[in-house]
Amino acid sequence: MGSLSETDRPKFGQALNQLKELIEDQIRQKEQSLGLKTAQGDVSFDPTLPGISPRIGKLHPITQTIQEISDIFTRLGFETVDGREIETEFYNFTALNIPLDHPSRDAFDTFYTESGHLLRSQTSTVQVRVMEKRKPPIRIIAPGRVYRPDAVDASHSFMFHQIEGLMVDARTTFSDLKGVLHLFLRKLLGPDIKMRFRPHFFPFTEPSVEIDVSWGKGWLELLGAGQVDPAVFEAVGYNPKKVQGFAFGLGVERIAMLKYGIKDIRLFYENDLRFLEQF
Ligand code: DAH
């Protein structure tokens, strides 16, 4: 208004007032048509009525399972670290002592991109990424997605979640591995479970085991684990004569299915609220 001339200013003021009255009129009309008695007092809003509570979401059962496992390892001194889902052959295979002719490198078992990258097929990649950057002592777990070109059915998906674990120090023995995983499994699944080690082979651990768990009837395979292979230490620039460590890997869906009695892995990915709201 300051920029208007002496003669224009009152006209402008008048026009503004008219506009204001027009708007007030419209509001009054609207209030009347809605049956609201406003004017002064008699407000139709009743503050004593209960409010409409917002719908509160939940964490996905896979996220809940990861958090539960991560909490247990936190208490054992393990840090939770993140990795990458798009990787190179070096991190997914070569540094993990997986030879060039190993079947898991085949395009039937790993998704490759045209740029020469791949979608990681295991979280073991994070072992290499962490050791490259840090010196021992190392105690980490690495949860995340992994990808494999599997046909989808009740127990397979082209994407699922794993948790990798790694502990490295001057002296980290197989009994440390056994102690840590026993504590973990009892905390996760109950104090009465039994644990069984079966000899196995993984290129990145030596010796390697598969670990089964039992609640009394039968055994269920839950983890792969072992002492870190000296070749892996060499690949990350550690002296295998000076350090020792253990590693393990587990499938998150498998544990969630076991814990909650879920029979079909596909339920995790369909985003059906009738399923998700149960957890
Ligand atoms: N990377 C393995 C897999 O995807 C799981 C595994 C086995 C991880 C043994 C480990 C290990 O760290 O020591 O089947």
Side-chain angles (χ1 to χ4, degrees), residues 66 69-70 73 78-81 83-85 87 89-99 102-106 108-111 118-132 136 138-150 155-169 172-182 184-185 195-213 220-233 235-236 238 240 243-255 265:
I66 290 176
I69 293 172
S70 167
F73 278 105
F78 284 71
E79 176 193 352
T80 302
V81 302
R84 306 178 184 195
E85 289 174 32
E87 271 294 3
E89 286 196 54
F90 176 77
Y91 290 99
N92 202 76
F93 299 120
T94 314
L96 290 163
N97 196 36
I98 298 174
H102 195 275
S104 66
R105 290 198 185 228
D106 199 283
F108 288 111
D109 284 307
T110 299
F111 287 111
L118 52 80
L119 296 182
R120 69 173 175 195
S121 60
Q122 49 184 359
T123 45
S124 306
T125 51
V126 188
Q127 290 186 32
V128 182
R129 292 223 168 254
V130 168
M131 285 193 281
E132 263 186 345
I138 287 171
R139 282 187 199 187
I140 56 112
I141 62 160
R145 291 180 182 177
V146 299
Y147 301 83
R148 293 181 193 177
D150 282 331
S155 52
H156 293 87
S157 165
F158 55 84
M159 184 282 298
F160 58 100
H161 298 74
Q162 286 187 333
I163 297 183
E164 193 76 11
L166 176 71
M167 172 162 173
V168 183
D169 209 333
T172 303
T173 66
F174 202 85
S175 24
D176 294 316
L177 159 70
K178 217 168 164 176
V180 166
L181 291 181
H182 195 214
F184 160 64
L185 288 171
M195 179 172 91
R196 172 173 87 175
F197 282 57
R198 262 184 302 109
H200 198 73
F201 175 81
F202 295 106
F204 31 89
T205 43
E206 181 59 34
S208 304
V209 288
E210 276 188 334
I211 301 168
D212 304 333
V213 172
L220 192 76
E221 177 205 323
L222 273 194
L223 290 128
Q227 290 291 104
V228 178
D229 195 291
V232 177
F233 284 142
V236 298
Y238 286 3
V243 291
Q244 268 187 325
F246 67 77
F248 59 88
L250 60 85
V252 180
E253 277 77 353
R254 192 167 201 162
I255 290 195
I265 197 170

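Remember, it's 1-based here, ligands and their atoms both numbered in the order they're listed.
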Has F204 got any heavy atom lying under 4.0 angstrom from an atom of ligand 1?
-> yes
Between the side chain of N92 and the main-chain N/O of R120, is any donor-acceptor distance below 3.5 Å?
-> no
Considering only protein heavy atoms, which is closest to atom 5 (C) of ligand 1, and at what distance to one decimal place?
-> G249 CA, 4.1 Å
Could you grab the distance from atom CD of Q127 to atom CE of M167, nearest 0.5 Å is fine?
-> 14.0 Å
d(L222 CG, R196 CZ) to nearest 0.5 Å is 11.5 Å
Interatomic spacing from CD in E87 to CG in L118 - rounded to 0.5 Å | 7.0 Å
For ligand 1, which atoms have a heavy atom of T205 less than 4.0 angstrom away?
-> 13 (O)
Of the choices E164, Q122, E210, Q227, which has the non-hydrogen atom that lies closest to atom 10 (C) of ligand 1?
-> E164
Heteroatom distance test (S124, ligand 1): nitrogen or oxygen, under 3.5 angstrom | yes
With atoms numbered from 1 as shown, which atoms in ligand 1 lie under 4.0 angstrom from a non-hydrogen atom of Q162?
-> 3 (C), 4 (O)
What distance separates I163 CD1 from L223 CG, expressed to the nearest 0.5 Å?
-> 10.0 Å
Would you mind listing which atoms of ligand 1 come within a distance below 4.0 Å of any non-hydrogen atom of G226?
-> 13 (O)
Side-chain donor/acceptor of Y238 to backbone N/O of M131, under 3.5 Å | yes
Min heavy-atom dist Q127 to ligand 1 below 4.0 Å | yes
Using heavy-atom distances, let me know which of F202, F246, F248 sits nearest atom 7 (C) of ligand 1.
-> F202
Which of the atoms in ligand 1, numbered in the order shown and given with their element, are less than 4.0 Å from a heavy-atom of G224?
-> 7 (C), 9 (C), 11 (C)
Y91 six-ring centre to R129 NZ/CZ under 6.0 Å and within 45° of normal | yes
E164 and S124: side-chain donor and acceptor closer than 3.5 Å?
-> yes
Is it the side chain, the backbone, both or neither of A247 that has a heavy atom closer than 4.0 Å to ligand 1?
-> both
Identify the protein heavy atom lying closest to atom 14 (O) of ligand 1, giving its residue, its atom name and the separation to 0.1 Å.
-> R148 NH2, 4.0 Å
